[in-house]
2 protein chains.
Amino acid sequence: MTRTVNERADAVAALAEIFREFGYEGASLSRIGARTGLGKGSLYHFFPGGKEEMAAAVLAEIDGWFERAVFAPLREDPDPAAAIRRMFRETDAYFRSGRRVCLVGAFALGDVRDRFAARIATYFAGWRDALADALRRTGRDEGAAAAEAEHVVSAIQGALVLARAVDDPDVFVRALARLEGGLGLAA
Amino acid sequence: MTRTVNERADAVAALAEIFREFGYEGASLSRIGARTGLGKGSLYHFFPGGKEEMAAAVLAEIDGWFERAVFAPLREDPDPAAAIRRMFRETDAYFRSGRRVCLVGAFALGDVRDRFAARIATYFAGWRDALADALRRTGRDEGAAAAEAEHVVSAIQGALVLARAVDDPDVFVRALARLEGGLGLAA
DNA sequence: TCGCCATTTTACCGATCGGTACACACTGAT
DNA sequence: ATCAGTGTGTACCGATCGGTAAAATGGCGA
């Protein structure tokens, strides 16, 4: 019983890496089977909905992680500046300083956007709105906070694209530093 | 003879839209055939290298267009501020105010990055370096120009991702306005 | 009129795709 | 000992994948 839960969670972690590396279409069941060590029987036992359910589970897990580690603190931490600094720290760690792709962003650009449109939209909207909330609580007015939050979130995504495009993870690190510095948070 | 060239050019334009819409793997030969009106025989006549050559041709065409319409002016226009303003105008038009995806960026995030790594890298590096050159000629020192150029290019990419993710093209329009305004170019 | 050459049509290839069916193994409770 | 329920391995399905081969078509110059 517990074993079931753990195996499925392990599978989701492995699936995340596979989808990140090969995209949705490129992540064939044979590749998934090879990487997870699970045969089709097991995979369809854990994910009766097939590949689509596997990808949905991965997106849900990512969304959940960000909600817990980033979004919620942005909304609830009594010290919004600290929560924002934490956001940059966690973001750098999660994306491995630019060596890791944002799966949600990759899905948003690809042909599978429509299939997972709702989840993709709430992920990005959640990030943007949580950051806007924190920025507003640092003293900015509503409009400025929203504009700045939108800019930071999209710039982070763009930095991931550019870092991978020119094969230079430092692009991402530099972008994070610039964005964080540009917010002028009290140390 | 001329007809040949024209038909191939037409095919490349159609191919660009298909790859944009479905990604590399999603752009099956049957879909390509249906959309271009060309059978496999014709496709392989124009692109003996198959799908890979089709995608390469599309990337080359995109690269060529940006080089002509954006990068070269950035590097050569005696009025660098005007060239930068032109860049924003052309960028907005090319990406249909956020309704169109950047194919190069999508490839960079996907599993086909390795296959087209060189062309992807030169596209983005070309953009960044041309913009840095123009910024330097507006009076910035080398380092500041490079940093700002890198930021603008990646922020544009990110805005395309976010705009598509939340299904709101205005995100892209807002981002362009903010970036252009942030450069403080003389009107 | 002929033949050349670009282009297209059509049929076909083996491989792989996502998905299904089902028999089998293991485990823990009764 | 039996049984239900949780997993797993394997064979198979039709569809589609990217790609090939070769015959038919069509226009254009000699």
Side-chain angles (χ1 to χ4, degrees), chain A residues 1-60 103 106-107 110-116, chain B residues 1-60 103 106-107 110-116:
Chain A
M1 208 52 161
T2 27
R3 185 160 151 267
T4 298
V5 172
N6 288 339
E7 296 248 2
R8 205 192 117 113
D10 291 350
V12 169
L15 284 166
E17 289 311 312
I18 298 171
F19 282 122
R20 238 185 275 276
E21 191 167 343
F22 299 104
Y24 184 78
E25 325 249 318
S28 67
L29 288 186
S30 66
R31 249 201 281 248
I32 291 173
R35 193 90 139 223
T36 60
L38 268 50
K40 287 188 181 186
S42 305
L43 286 171
Y44 274 83
H45 175 72
F46 289 125
F47 309 96
K51 233 174 97 165
E52 180 150 354
E53 186 173 341
M54 298 178 207
V58 168
L59 289 178
L103 182 62
F107 275 16
D111 53 317
V112 286
R113 191 202 66 152
D114 294 354
R115 217 192 293 235
F116 304 108
Chain B
M1 208 52 162
T2 26
R3 185 160 152 269
T4 297
V5 172
N6 288 339
E7 295 247 4
R8 206 192 116 114
D10 291 350
V12 169
L15 284 166
E17 290 310 314
I18 300 171
F19 282 123
R20 238 186 276 275
E21 191 167 342
F22 301 103
Y24 184 78
E25 324 249 321
S28 68
L29 288 185
S30 67
R31 248 201 282 246
I32 292 173
R35 192 93 139 222
T36 61
L38 269 48
K40 286 188 183 186
S42 304
L43 287 170
Y44 274 82
H45 176 71
F46 290 124
F47 309 95
K51 234 173 97 166
E52 180 149 354
E53 185 173 342
M54 298 179 207
V58 168
L59 289 178
L103 182 62
F107 275 16
D111 52 317
V112 285
R113 191 201 67 153
D114 293 355
R115 217 191 294 236
F116 304 108

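Chain letters run A, B, ... following the sequence lines, proteins first and then strands; every chain starts at 1.
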Roughly how far, to the nearest 0.5 Å, is [atom2] of [Y] from [atom1] of [X]?
X: A/E21; Y: B/D114; atom1: CD; atom2: CG; value: 9.0 Å
X: B/L103; Y: B/L15; atom1: CG; atom2: CG; value: 10.5 Å
X: A/R20; Y: A/F22; atom1: CZ; atom2: CZ; value: 13.0 Å
X: A/K51; Y: A/E25; atom1: NZ; atom2: CD; value: 6.5 Å

From [atom1] of [X] over to [atom2] of [N], roughly how many Å is that when rounded to an integer?
X: B/H45; N: D/dA22; atom1: NE2; atom2: C1'; value: 15 Å
X: A/R8; N: D/dT6; atom1: CZ; atom2: P; value: 14 Å
X: B/L43; N: C/dT8; atom1: CG; atom2: P; value: 9 Å
X: B/D10; N: C/dT8; atom1: CG; atom2: P; value: 11 Å
X: A/I18; N: C/dG18; atom1: CD1; atom2: C1'; value: 15 Å

- Query: Where along residues 47-55 of chain B does a heavy atom fall under 4.0 Å from DNA chain D?
  - Reply: B/G50, B/K51
- Task: Taking only heavy atoms on the protein side, list every residue of residues 21-34 of chain B lying under 4.0 Å from any atom of DNA chain D, sorted numerically.
- Result: B/A27, B/S28, B/L29, B/S30
- Message: Test your reading of the model: is there a side-chain donor-acceptor pair from A/Y24 to the backbone of A/R113, 3.5 Å cut-off?
- Response: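 Absent.
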- Looking only at atom types and distance, does a side-chain atom of A/R31 sit under 3.5 Å from a main-chain N or O of A/I18, one as donor and one as acceptor?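 No: the side chain of A/R31 does not pair with the backbone of A/I18.
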- The nucleotide from C/dT9, D/dG18, C/dG18 with an atom nearest the side chain of B/Y44 is D/dG18
- Minimum-distance nucleotide to B/K40 side chain [options: D/dT20, D/dT8, C/dT8]: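 Out of D/dT20, D/dT8, C/dT8, the nucleotide with an atom closest to B/K40's side chain is D/dT20.
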- Task: Please identify each residue that fulfils side-chain contact (heavy atoms from CB on, under 4.5 Å) with B/Y44, with sequence neighbours left out.
- Result: B/L29
- Task: Over 60° means perpendicular and under 30° means parallel, so classify the ring planes of A/F107 and A/F116, tilted if in between.
- Result: parallel
